[in-house]
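Basis for what follows: all heavy atoms, side chains included, without hydrogens, waters or symmetry-related copies. Below, chain A is the first sequence line, B the second, and so on; all start at residue 1.
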Amino acid sequence: MTSTTLSVDKKIKGKSNFASMLVWTLRKNTAVSVVYTTLLFVFFPLMVMWATAMIIASLSGHSSMAEMAKELNEIVKYGYPVTSWLTNIFAIIISGLLFNYLHNKRSVDMYNALPISRKAMYFSKYVAGLLIITVPVIVTHFMGVIILTAIGACAPFDYLPTLLYVLLSTIATYTFTSFLCVCSGKTSSAIILSIGLSCALPIAVLITNLMITSWVPGFQTFLDMPAVIYMLFSPESIAFAACYGYNFYENGMTPDLLGFTLYFVIFAAALAIGGYFVYKKRKMECAQSEASLKLPEWIIRVIVTYGCGLSLGFIFSMVFGESGSAVASILWFWIGVIFATASAHIVLEVILNKGFKNFVKNLKIYAVSVGALVFVYVLAITGLFGGYAYVPAPESVSQIEIKATPTFISEYYFGSEYENKMVVSDSETIGLITDIHSGIVDQIKQNESIPFLGNGIDFSDVYRDYYDSYVNLSPLSITYKLKGGGSVTRYYSSDYMRTSDIYGKYKSLLYSKAFIDSSITNIEKTVEQSNEPTVSAYLAWGEIDYEDGFIDSNGYTSKVAVLRILEALKEDISDPDKLNALKKYEKYLVDYYSEEEPEYKIYCLDIGLDYGSVSIYIPEDFRNTIGEIRKISK
Amino acid sequence: MISINNVVKRFGPVVAVNNLSCNIENGSVFGLIGSNGSGKSTLLRMISGVYKPDAGEILIDSENSYDNAEIKQKCCFISDFPYFTSSDTINSLSKLYKNIYSNWSDERYNQLCAMFPVSPKAPVINMSKGMQRQAALILALSTRPEYLLLDEIFDGLDPVVRQLLKKLLADEIAERNMTVIIASHNLRELEDLCDHIGLLHKGGILLEKDLDEAKLGMHKLQLVFDSEKDRSFFEGFDIMTFGKKGRVINMTVKGNAEEIDRRIEELGPIFHESLPLTLEELFISEMEAAGYDINNIIG
């Protein structure tokens with residue numbers, strides 16, 4: 001027999017052994033597969049059948065089947081991703097069941113003495129698990145969708161994205177836990193580490209962000225951080241993030257969602273392949289004792305200990321350190337950190353190592369966790385080592401994206417549908433913006449204590465700059481695109497623009513024709529994207545003239561009418577005198593509670609959007625705009 | 001043939017197998033004996049490809065056995081505690097083995113099921129220790145292995161089944177030239193079965209010989225002299241163990257039987273008898289010689 005024939009024979013035998021072990025594993029896990037499939041069936045097709053039966057039973061003259069089907073569709077659209085909780089729980093259970101044999105000395109003897117290569121053994125187990133967790137999801141999905149399609153609630157492939165994200169989430173969780181099983185000496189350790197990391201990482205990232213955002217002026221890391229960072233090792237949340245956080249059904253495949261999706265596809269693939277290499281090198285004598293590959297366990301323990309320390313430090317600082325004393329705040333923060341990190345370390349040590357035999361040896365893990373906490377703390381109190389004061393030189397800036405709202409516009413929104421931003425690249429405006437920025441930094445240096453220890457951690461600080469509740473003065477967000485590459489973003493609340501010097505410059509920026517034009521154009525775009533925009537107008541300041549008619553114009557629904565009013569507003573703005581008139585009335589808008597009455601009437605135009613509204617204050621001499629508003633008034 | 005060359009296996013700070021080398025010829029029954037923790041089971045696990053040696057190599061038919069599915073096709077390993085899940089029956093496991101082992105024989109499987117008094121349809125986990133071993137044996141022998149590795153296989157087997165096992169192994173060796181390696185503390189059974197022995201101690205091999213040769217090279221002597229003699233009287237003999245009760249002396253001596261008899265006669269004993277050594281006596285003698293303090297252990 002030639003060597004080529006032998007090699008082909010080996011391959012064929014290898015494949016057949018892979019298939020034999022795959023079939024054997026599937027057969028051995030029939031019971032758990034049946035339970036899983038039954039639960040999925042109850043969660044989706046059976047619920048849809050039940051809801052459909054209820055609809056048919058409750059149909060009356062007031063509602064048609066089509067209307068009810070539409071209602072059902074809305075419920076399913078947002079309810080269906082919830083099944084990923086179930087699929088993820090089973091993904092963890094099934095990976096534990098399939099790789100449990102690596103953690104028992106007897107089963108290690110049996111499986112590893114079989115004439116199956118490690119490659120075939122690993123992939124037969126891995127693929128068996130994939131089939132067990134995905135096939136029931138796909139089958140029950142299409143059963144439910146067939147019913148929904150039959151009653152006209154949706155098209156056959158409407159829920160395909162949800163299915164794909166539920167599958168991605170489930171596969172990533174399964175692969176992640178399987179990887180940890182291959183690395184660990186005990187199944188319980190792998191499962192605890194998988195769940196521990198999924199919970200601890202988002203909390204650790206969230207509170208780190210919160211601390212920096214609360215303490216360091218100009219930084220809104222909470223808002224800047226892509227969601228994927230929170231979920232780096234939390235595949236359990238993929239389905240929810242994709243279907244709710246990224247609002248797939250509203251926005252489709254956005255670049256953010258694409259990046260997030262690609263990350264988790266690569267994450268799952270890399271861990272599946274990485275798992276094989278760890279499996280190949282795995283010392284089988286690790287069963288029932290220590291981890292075969294300790295690095296993942298160490299990393300997860302550091303993150304969990306860090307997350308626990310930061311959380312309790314944060315809670316203690318908020319609950320006990322609210323006396324306004326910086327010392328109390330700091331003290332309670334560190335008491336919380338030390339108590340929580342020590343507890344977390346001891347609990348993990350006892351669970352993972354069944355006692356304290358490696359306690360001293362593993363103190364290095366504790367030291368790294370506390371070291372990371374100290375580093376983040378120092379980072380926050382020093383304003384990112386002085387980075388808060390950095391203002392790019394105007395000549396190094398190629399472009400600035402500025403987000404702010406002129407005072408005569410107020411937004412109240414719950415989503416991100418309206419965002420007033422403008423991109424500037426002319427050197428004059430760039431110079432003006434860097435001037436404003438430098439003025440703000442100077443003010444911070446003069447007025448705030450550095451290191452930034454003063455106020456403890458306050459969750460409300462996160463949104464402080466975006467929801468200024470009592471002063472109608474817009475916050476400012478500046479993103480510099482630097483000529484040498486890279487970008488710098490800073491956020492400042494209206495509090496930082498109180499001095500007349502800074503505010504004068506800020507006002508000249510906000511009331512430039514270019515900026516106001518851009519603001520109105522942004523509103524137009526938002527209105528165009530909105531499903532059913534409404535418009536209302538009323539007199540905000542001045543004597544009510546009952547023949548005016550504006551007070552009756554509430555809730556008029558017409559996209560065309562709203563766009564016509566905005567077009568008229570643009571025309572009015574193009575007149576420099578009227579632009580100056582806006583500046584004249586601005587003081588009433590900034591100080592809403594001023595007792596001083598304006599000399600002229602100011603009208604308010606409310607535009608209702610899908611998830612909020614935009615209010616525009618219009619002086620009476622904006623004749624074009626007011627003329628358009630009158631057309632919709634009764 | 002199995003060639004074990006300078007194999008080392010460590011478990012943390014513990015050296016379980018230390019630079020061990022030996023060869024096991026095809027068609028032989030090789031008994032692995034040794035004290036607890038001497039590395040017998042570890043060596044079997046390395047031969048069967050469960051563990052990877054930290055150093056050295058184990059070659060089966062000139063090929064490394066670790067992660068080598070083709071070589072493993074020729075081997076079957078029954079560990080000291082065979083593994084069965086709660087749903088496993090002999091019949092269900094036979095389906096797995098049948099698909100995986102290319103030499104699987106249905107005919108042999110049915111014969112063995114008829115021979116051993118265990119039900120192939122019953123869950124193995126509910127069976128007694130001895131019956132679980134019988135189940136493992138049925139499956140292992142049905143794969144028609146060239147190399148059968150057995151760890152403490154006699155443990156829990158009743159005398160009838162032991163005889164049956166010995167007969168089956170003898171038949172397989174005669175028919176197919178199968179090689180058997182048995183690690184066991186049951187030296188009586190090994191003595192009947194093995195043609196070679198390997199005596200392990202602290203991870204190393206103290207003795208690796210043909211069993212008859214090993215026994216012939218060591219002699220148990222009972223001597224009576226007209227006066228009390230101590231050990232120094234027997235200077236020049238390779239004494240493994242020595243004991244005396246008054247004028248009666250019992251000792252184990254290494255060397256050629258005729259030469260030893262001749263020299264003893266020259267010392268003028270009143271009574272002189274040379275007795276055959278059992279494997280157990282051989283084991284104890286070698287272990288004592290290696291510093292294994294048996295008297296201290298027995299107390």
Identify the heavy atoms of Val50(B) and Arg118(A) that sit nearest to each other, and give their distance. O-NH2, 3.9 Å
When the 4.5 angstrom heavy-atom criterion is applied to Lys74(B) and chain A, the contacting part is neither
If you take all heavy atoms of Ala113(A) and Lys72(B), which pair is closest and at what distance? O-CD, 4.0 Å
Part of Lys280(A) within contact of chain B (heavy atom distance under 4.5 Å): both
Closer than 4.0 angstrom, basic N to acidic O: yes or no for Asp67(B) and Lys119(A)? no
Arg27(A)/Leu96(B) under side-chain contact (heavy atoms from CB on, under 4.5 Å): CA gap, chis, key distance, verdict: CA-CA 11 Å; Arg27(A) 199 177 287 161; Leu96(B) 172 71; over 6 Å; no
For the candidates Thr143(B), Asp88(B), Leu149(B), which exhibits the highest count of non-hydrogen atom pairs separated by less than 4.5 Å from chain A? Asp88(B)
Let me confirm one number: the OG1-CG distance from Thr85(B) to Asn100(A), rounded to the nearest 0.5 Å. 11.0 Å
What closest approach, in Å, do Ala69(B) and Pro115(A) show between heavy atoms, and which atom pair accounts for it? O-CB, 3.4 Å
Heaviest contributor of heavy-atom pairs below 4.5 Å to chain B, chosen from Ala31(A), Ser107(A), Ser117(A), is Ser107(A)
Decide if atom CZ of Phe277(A) counts as having more than 12 heavy atoms of other residues, nucleotides or ligands within a radius under 6.0 Å. no
Measure distances from Tyr111(A) to the heavy atoms of chain B and classify the residue's part below 4.5 Å as side chain, backbone, both or neither. side chain
When you look at NZ of Lys167(B), are more than 12 heavy atoms from neighbouring residues, nucleotides or ligands closer to it than 6.0 Å? no
For the CZ atom on Phe43(A), are there more than 12 heavy atoms of other groups (residues, nucleotides or ligands in this structure) within a distance under 6.0 Å? no
Is it the side chain or the backbone of Phe84(B) that comes within 4.5 Å of chain A heavy atoms, both, or neither? neither
Euclidean distance, Ser79(B) OG relative to Met110(A) CE, rounded to 0.5 Å: 10.0 Å
Working for side-chain contact (heavy atoms from CB on, under 4.5 Å), residues Arg106(A) and Asp80(B): CA-CA 9 Å; Arg106(A) 290 188 187 191; Asp80(B) 44 357; over 6 Å; no
Hey, is CH2 on Trp85(A) packed in by over 12 heavy atoms from elsewhere, all under 6.0 Å? no
Rounding to 0.5 Å, atoms OG (Ser41(B)) and NZ (Lys105(A)) come to a distance of 11.5 Å
Drop me the distance from Arg45(B)'s CZ to Asp109(A)'s CG, to the nearest 0.5 angstrom. 4.0 Å
The reported gap from SG in Cys75(B) to CG in Leu114(A) (rounded to nearest 0.5 angstrom) is 12.0 Å
Segment of Leu139(B) engaging chain A (4.5 angstrom heavy-atom cut-off): neither
Within 6.0 Å of NZ in Lys121(B), more than 12 heavy atoms from elsewhere: no
Any sub-3.5 Å donor-acceptor pair from Lys52(B)'s side-chain atoms to Arg282(A)'s backbone N or O? no
Working note: Glu285(A) + Lys9(B), criterion salt bridge (charged side-chain N to carboxylate O under 4.0 Å, His left out); need CA distance, chi angles, decisive distance, verdict. CA-CA 11 Å; Glu285(A) 57 267 30; Lys9(B) 184 69 192 174; 2.6 Å; yes
Closest heavy-atom contact between Ile100(B) and Ile116(A)? CD1-CD1, 3.4 Å
Interatomic distance, CZ@Phe11(B) vs NZ@Lys283(A), rounded to 0.5 Å, equals 9.0 Å
